[in-house]
Amino acid sequence: MSTKENLIVHDTPVRSRESDQYWGSDAVAAMLRELDIPYIALNPGASYRGLHDSIVNYLGNRAPQMLLSIHDENAVTIAHGYYKASGRMMAAALHSNVGLMHASMSVFDAWCDRAPVLILGATGPWDAAKRRPWIDWIHTCSDQAALIRDFTKWDNQPGSPAAAMEALLRASQIAQTAPRGPVYVNLDVSLQEAKIGALPTLPDVARYAPPQPVQPAPELIAEAAKLLSNAKNPVMLAGRCTRSIEGWNARVALAEKLNMRVLSNLKIACAFPTDHRLHAAPPANRLAPETRPLLAEADVILSLDWLDLAGTLKQAYGTKPVTAKIIQVSCDQHNHRGWSMDYQALSPVDVYLMCEPEAAGALAAAQPQLPSLRSDVVTLRGVAEAVNDVTKGMDVCMAHLPLGWNGAYRHFRHPLDYLGPEGGAGVGSGPGLTVGAALALKGSGRLVVGMLGDGDYLMANTAIWTATHYQLPCLMIICNNRSFFNDELHQDRVAVERGRPPENRWIGQRIGDPDIDLAAMARAQGAEGIGPVARPEDVRPAIEKGVAIARNGGVCVIDARVLPGYDAEA
């Protein structure tokens with residue numbers, strides 16, 4: 001276990017007496033340790049009480065260490081956020097069918113974000129004769145994994161400790177093979193609680209490691225290189241790339257070598273320095289009108305696992321044919337299934353490199369001017385500017401950004417500067433992603449900041465308790481417009497189209513009357529709570545205090561009462 005991992009709070013169990021007797025769940029726990037799983041986030045339940053005991057009393061709550069979550073959804077989201085920041089898989093445990101149903105949205109988010117999470121489930125005894133009255137019956141269902149099979153890479157319900165060990169090996173390998181994603185191993189309570197005598201021999205996990213990244217055919221590399229070398233107006237779409245600084249530098253070098261402009265996307269983690277001369281426009285959720293000609297006039301477009309390539313081309317070309325030669329670098333097609341349409345529309349491609357991106361690029365052009373900043377109210381832009389001023393010179397990880405964020409608010413210069421959103425548009429992910437990033441980056445010297453909407457925070461704020469209990473320093477800034485504002489805009493459009501009063505768009509959307517004290521909710525879980533901050537002159541002092549708390553090892557939540565509205569359509 002690394003020094004960084006040893007820095008988190010550890011709930012130390014009383015030492016268990018030595019014994020030559022083992023139970024099925026001990027074999028599962030031993031396999032988790034062999035796989036080098038550092039943490040397992042969980043909300044406890046009787047269906048995996050055997051595994052819970054094995055982690056505590058057999059492993060000593062080390063490798064993996066438990067992270068208690070107040071909600072099953074947060075358990076998966078924390079694991080998701082940990083991977084986004086560290087590039088390393090951790091586990092989550094869900095209590096029978098009920099915990100799985102609670103967490104299904106977080107599983108879908110991890111699927112859409114191509115994030116590996118090793119999910120351990122459990123069920124009541126499959127042998128009906130062993131079920132306790134009532135409770136074991138409602139915690140048992142046929143084919144439990146069917147609940148999430150359409151948005152996981154693989155699932156299994158092993159029938160013996162030896163089979164469970166192999167299932168974990170396979171699950172780990174599949175989850176971490178690109179395109180990555182969550183996997184589910186369901187453990188019968190009888191398997192966990194059966195006495196097995198001697199522990200099965202543990203395998204050499206190095207022989208079951210994920211394969212090395214696939215390399216494209218040399219002739220395809222040559223064809224792509226020729227297109228780019230001869231291009232007069234190439235554009236790079238820097239999409240889903242690694243968090244490694246080596247990959248980051250390689251993308252910059254490629255863009256500079258070809259003088260190639262680059263676009264990046266707020267829907268995914270940062271992949272190129274946004275203040276580089278070749279970064280053509282602030283990262284955004286969709287192409288701005290002034291950006292569309294950039295693609296429409298390109299002769300070669302290099303897509304580095306760009307999210308929704310066909311949709312982006314449609315924004316640029318409309319109904320006209322795509323005239324640019326398209327180089328697609330992505331192995332995402334291996335994950336495309338019939339149930340979920342997260343693969344987006346089908347794009348034309350001239351050279352298809354079925355692999356992960358090895359290099360990515362950037363765009364440069366004049367940044368569009370933002371509207372002037374109002375001085376009488378707190379705005380999202382005002383909060384962003386205060387964050388930029390206070391954190392100047394600091395290493396900051398933006399673990400989450402709110403929907404109304406404009407890509408021009410802040411520059412990203414390192415692969416950990418921005419981790420991207422949840423992937424599946426699941427409101428309620430921001431707190432868990434922030435805590436997961438804080439777990440991954442504790443001791444690194446990098447300040448973790450999650451900027452969240454109020455709806456996002458209210459749905460999953462119990463993740464704060466996990467952060468405070470395990471002393472995972474982070475700052476959450478709630479950009480609180482007291483509304484599900486994006487849906488207000490949808491209701492506005494529908495009303496206008498139908499000739500009905502758009503003034504009614506707030507009904508069923510506004511979160512007020514009474515206002516919710518978001519800072520008090522944080523204080524109730526052991527964090528520092530600041531706010532509500534409703535005056536522009538109070539924003540910077542609040543952020544200064546919040547940053548100081550997080551940098552000194554604390555958890556802080558700021559309730560910033562921002563004016564509803566977006567600088568650009570989101």
Side-chain angles (χ1 to χ4, degrees), residues 73 77 104-106 108-109 111-113 151 265-268 282-292 307-308 310-316 318-319 339-345 368 370-371 374 377-381 383-384 400-409 420-431 433 450-461 478-513 515-516 518 560-570:
E73 192 170 13
T77 309
S104 59
M105 183 64 238
S106 293
F108 181 68
D109 280 337
W111 166 263
C112 291
D113 204 29
F151 42 95
N265 192 332
L266 274 181
K267 285 189 172 72
I268 48 182
N285 288 315
R286 54 177 63 88
L287 293 181
E290 62 270 20
T291 310
R292 292 169 189 166
L307 183 63
D308 191 13
T312 301
L313 294 174
K314 185 175 182 180
Q315 292 175 62
T319 58
W339 181 84
S340 172
M341 308 301 166
D342 67 282
Y343 47 74
Q344 310 296 323
L370 295 175
R374 287 182 58 178
V377 294
V378 176
T379 64
L380 181 54
R381 180 184 168 196
V383 173
H400 191 276
L401 293 174
L403 186 59
W405 185 271
N406 186 301
Y409 286 161
E422 61 288 323
V427 179
S429 61
L433 291 178
M451 298 188 66
L452 320 176
D454 46 320
D456 194 36
Y457 173 79
L458 286 167
M459 285 189 183
N461 69 84
I478 316 305
C479 302
N480 182 6
N481 59 22
R482 284 82 67 208
S483 172
F484 289 100
F485 183 72
N486 191 58
D487 288 286
E488 281 200 48
L489 298 184
H490 282 291
Q491 296 308 130
D492 188 292
R493 293 183 192 115
V494 171
V496 169
E497 288 174 1
R498 296 179 177 181
R500 296 171 179 172
E503 296 84 0
N504 293 330
R505 74 184 196 181
W506 64 274
I507 296 174
Q509 312 288 359
R510 298 284 171 88
I511 307 172
D513 227 1
D515 277 348
I516 303 174
L518 305 187
R561 298 296 179 92
V562 301
L563 183 72
Y566 301 153
D567 279 340
E569 187 182 6

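Since the structure is predicted, the reported quantities are computational estimates derived from the model, not experimental observations.
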message = Using a strict threshold of under 4.0 Å (side-chain N to carboxylate O), is an ion pair present between Arg561 and Asp515?
response = yes

message = Checking Leu458 against Leu518 for the side-chain contact (heavy atoms from CB on, under 4.5 Å) test, could you report, in this order, the C-alpha distance in whole Å, the side-chain angles of both residues, the deciding distance, and whether it holds?
response = CA-CA 8 Å; Leu458 286 167; Leu518 305 187; 3.5 Å; yes

ask   = So, the side chain of Thr77 versus the backbone of Glu73: is there a donor-acceptor pair under 3.5 Å, distance only?
value = yes

query = Heavy-atom distance under 4.5 Å between the side chains of Asn265 and Pro283, does that happen here?
reply = no

ask   = Can you name the residues that form a ring-ring contact (aromatic ring centres under 6.0 Å, His included) with Phe484, not counting sequence neighbours?
value = none

ask   = Looking only at heavy atoms, which two atoms of Ala310 and Ala345 are closest? And how far apart?
value = CB-O, 3.4 Å

Verdict with supporting geometry, Asp342 and Ser340, side-chain hydrogen bond (donor to acceptor under 3.5 Å, both in side chains) = CA-CA 6 Å; Asp342 67 282; Ser340 172; 2.6 Å; yes

key: N/O donor-acceptor pair under 3.5 Å between Arg286 side chain and Ala284 backbone   = no

ask   = How long is the gap from CD1 on Ile268 to SG on Cys112, to the nearest 0.5 Å?
value = 13.0 Å

key: Criterion side-chain contact (heavy atoms from CB on, under 4.5 Å) on Asn481 and Leu563, from CA distance to verdict   = CA-CA 6 Å; Asn481 59 22; Leu563 183 72; over 6 Å; no

remark   = When rounded to the nearest 0.5 Å, the distance separating CG of Leu403 from CG of Asn285 is 6.0 Å

message = What's the separation between atom CZ in Phe151 and atom OG in Ser104, rounded to the nearest 0.5 Å?
response = 5.5 Å

ask   = Which atoms form the tightest heavy-atom contact between Leu307 and Lys267, and what is the distance?
value = CD2-CB, 3.8 Å

ask   = Rounded to the nearest 0.5 Å, how far does CG of Asn504 lie from CD of Glu488?
value = 11.0 Å

ask   = Are any side-chain N or O atoms of Asp109 and backbone N or O atoms of Gly426, one a donor and one an acceptor, separated by less than 3.5 Å?
value = yes

key: For Gly453 against Pro402, the heavy-atom pair lying closest together   = N-CB, 4.3 Å

inquiry  = Treating Asp487 as the side-chain partner and His490 as the backbone partner, does any N or O pair qualify as donor plus acceptor under 3.5 Å?
reply    = no

Taking every non-hydrogen atom, the tightest pair across Val383 and Ala560 = CG2-CB, 4.2 Å

key: Backbone of Leu452 reached by a side-chain donor or acceptor of His400 within 3.5 Å   = no

ask   = Does Arg292 reach the main-chain N or O of Thr312 with its side chain, forming a donor-acceptor pair under 3.5 Å?
value = no

note = Closest non-hydrogen atoms of Gly407 and Pro282, given as atom of the first, atom of the second and distance, are C-CB, 3.2 Å

remark   = When rounded to the nearest 0.5 Å, the distance separating CG of Leu433 from OG of Ser106 is 8.5 Å

key: Minimum-distance pair of heavy atoms, taken over all atoms of Pro421 and Leu266   = CD-O, 3.3 Å

ask   = Step by step, would you call Arg510 with Phe485 a side-chain contact (heavy atoms from CB on, under 4.5 Å)?
value = CA-CA 8 Å; Arg510 298 284 171 88; Phe485 183 72; over 6 Å; no

ask   = Between the side chain of Tyr457 and the main-chain N/O of Pro431, is any donor-acceptor distance below 3.5 Å?
value = no

inquiry  = Between Arg381 and Tyr409, does the side-chain contact (heavy atoms from CB on, under 4.5 Å) criterion hold? Intermediate values first, please.
reply    = CA-CA 7 Å; Arg381 180 184 168 196; Tyr409 286 161; 3.5 Å; yes

ask   = Is there side-chain contact between Val427 and Glu422, with at least one heavy-atom pair below 4.5 Å?
value = no

key: Whether Asp454 side chain and Ser483 backbone form a donor-acceptor pair below 3.5 Å   = yes

inquiry  = Rounded at 0.5 Å granularity, tell me how far CD in Glu503 sits from CD in Gln491.
reply    = 13.5 Å

query = Within the distance-only criterion (no hydrogens, no angle test), does the side chain of Asp456 pair as donor or acceptor with the backbone N or O of Ser429 below 3.5 angstrom?
reply = yes

